[in-house]
Amino acid sequence: RDLLSMDGQTEYGHCKDKISFLTVDEYRKYRKLLPNMDKWWWLLTPWSTPVNDFSTTNAVVSPSGSISRNYYYNGGGVRPACIFSSSIFESGSDD
C-alpha cells in the first residue's frame, strides 16, 4: 500500500497489510458505490508528513462525502470495504 500523502510527500513509504483503509485514490474510484454516512471516516492517505509539520493528520471523508483533513485522535471511524481481484471470479476449468 502506497502511503503517498495528499501533498506528494513520500517519507512514509509503503506498508503491506491484509486489511486496510481505502486510499484517497480508491475512494475517488469507488465513490459512486459508497453512499454517504452520518459520521466522519478515515482514509489511509496521510494529509502530509512531519517534514511539513503534519505528523498527526490524515485524510478523512465527511458525512457529505467530501475529503478533508483531521487529527487521527479526534474521532472518526473506519468504513468496511472489500475490493476483490477479478481473477477470483474466473473459472479454473475449460468445461
Side-chain angles (χ1 to χ4, degrees):
R1 312 278 301 162
D2 187 358
L3 297 174
L4 177 70
S5 69
M6 289 292 287
D7 61 350
Q9 299 291 74
T10 59
E11 57 261 34
Y12 286 133
H14 293 82
C15 67
K16 185 174 183 170
D17 19 348
K18 303 236 183 228
I19 298 174
S20 185
F21 297 165
L22 293 175
T23 65
V24 165
D25 292 332
E26 290 167 336
Y27 175 66
R28 287 182 187 128
K29 181 177 181 178
Y30 300 113
R31 173 69 179 112
K32 65 182 174 279
L33 303 173
L34 298 168
N36 292 341
M37 297 188 62
D38 60 348
K39 300 197 182 221
W40 293 79
W41 52 282
W42 297 307
L43 295 169
L44 180 69
T45 306
W47 193 256
S48 188
T49 61
V51 77
N52 287 332
D53 294 325
F54 284 91
S55 59
T56 59
T57 56
N58 61 308
V60 293
V61 178
S62 75
S64 67
S66 65
I67 296 171
S68 188
R69 72 178 166 111
N70 204 348
Y71 297 101
Y72 66 81
Y73 51 78
N74 263 1
V78 297
R79 182 171 191 171
C82 287
I83 302 171
F84 295 103
S85 169
S86 60
S87 65
I88 68 169
F89 300 106
E90 295 173 3
S91 175
S93 67
D94 291 332
D95 296 335

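Bear in mind the structure is a predicted one, so any value in this text is a computation, not a measurement. Quick note: numbers below take in every heavy atom, side chains included, and nothing from hydrogens, waters or symmetry partners.
Partners of Arg1 according to the side chain to side chain donor-acceptor pair (under 3.5 Å) rule, which considers only residues two or more places apart in sequence or in another chain, are Ser20, Glu26. Tyr27 pairs by the ring pair (Phe, Tyr, Trp, His ring centres under 6.0 Å) definition with Trp41, not counting sequence neighbours. Taking Ser48 as the reference, Asp7, Asn52 meet the side chain to side chain donor-acceptor pair (under 3.5 Å) condition, with sequence neighbours excluded. Remark: Arg28 engages Asp25 in a salt bridge (Lys or Arg N to Asp or Glu O under 4.0 Å) (not counting sequence neighbours). Annotation: side chain to side chain donor-acceptor pair (under 3.5 Å) contacts of Asp38 (sequence neighbours excluded): none. Residues satisfying the side chain to side chain donor-acceptor pair (under 3.5 Å) test with Asp53, not counting sequence neighbours, are none.
Minimum interatomic distance between Arg79 and Pro35 (heavy atoms only, all atoms of both residues): NH2-O, 2.8 Å. Between Thr23 and Asp2, the closest heavy-atom pair is CG2-O, 4.5 Å.
The structure places CG of Leu3 at 4.5 Å from SG of Cys15, a figure rounded to the nearest 0.5 Å. Taking CG of Leu4 as the reference point, atom NE2 of His14 lies at 8.5 Å (rounded to 0.5 Å).
Trp40 is listed as a side-chain neighbour of Ser68, based on a closest heavy-atom distance under 4.5 Å. Inter-residue side-chain proximity for Glu11 and Val51 is flagged as met; some heavy-atom pair is nearer than 4.5 Å. A 4.5 Å side-chain heavy-atom check between Pro46 and Tyr12 finds at least one atom pair inside the cut-off.
With respect to Val24, the side chain to side chain contact (heavy atoms under 4.5 Å, CB included) criterion is satisfied by exactly one of Thr45, Val61, Asn58: Thr45.
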Report task. List the steps and the verdict of side-chain contact (heavy atoms from CB on, under 4.5 Å) for Ile67 and Val60. Result -> CA-CA 6 Å; Ile67 296 171; Val60 293; over 6 Å; no
Query raised in the report: Given Arg69 and Phe54, is the side-chain contact (heavy atoms from CB on, under 4.5 Å) satisfied, shown in steps?
Result: CA-CA 10 Å; Arg69 72 178 166 111; Phe54 284 91; 3.2 Å; yes
**Report entry** Pair Asn70-Thr57, side-chain contact (heavy atoms from CB on, under 4.5 Å): steps then yes or no
**Finding:** CA-CA 5 Å; Asn70 204 348; Thr57 56; over 6 Å; no
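Under a hydrophobic clustering in which Ile, Leu, Val, Met, Phe, Trp and Tyr are joined whenever their side-chain heavy atoms come within less than 4.5 Å, directly or via other members, Ile19 and Val78 fall into different clusters.
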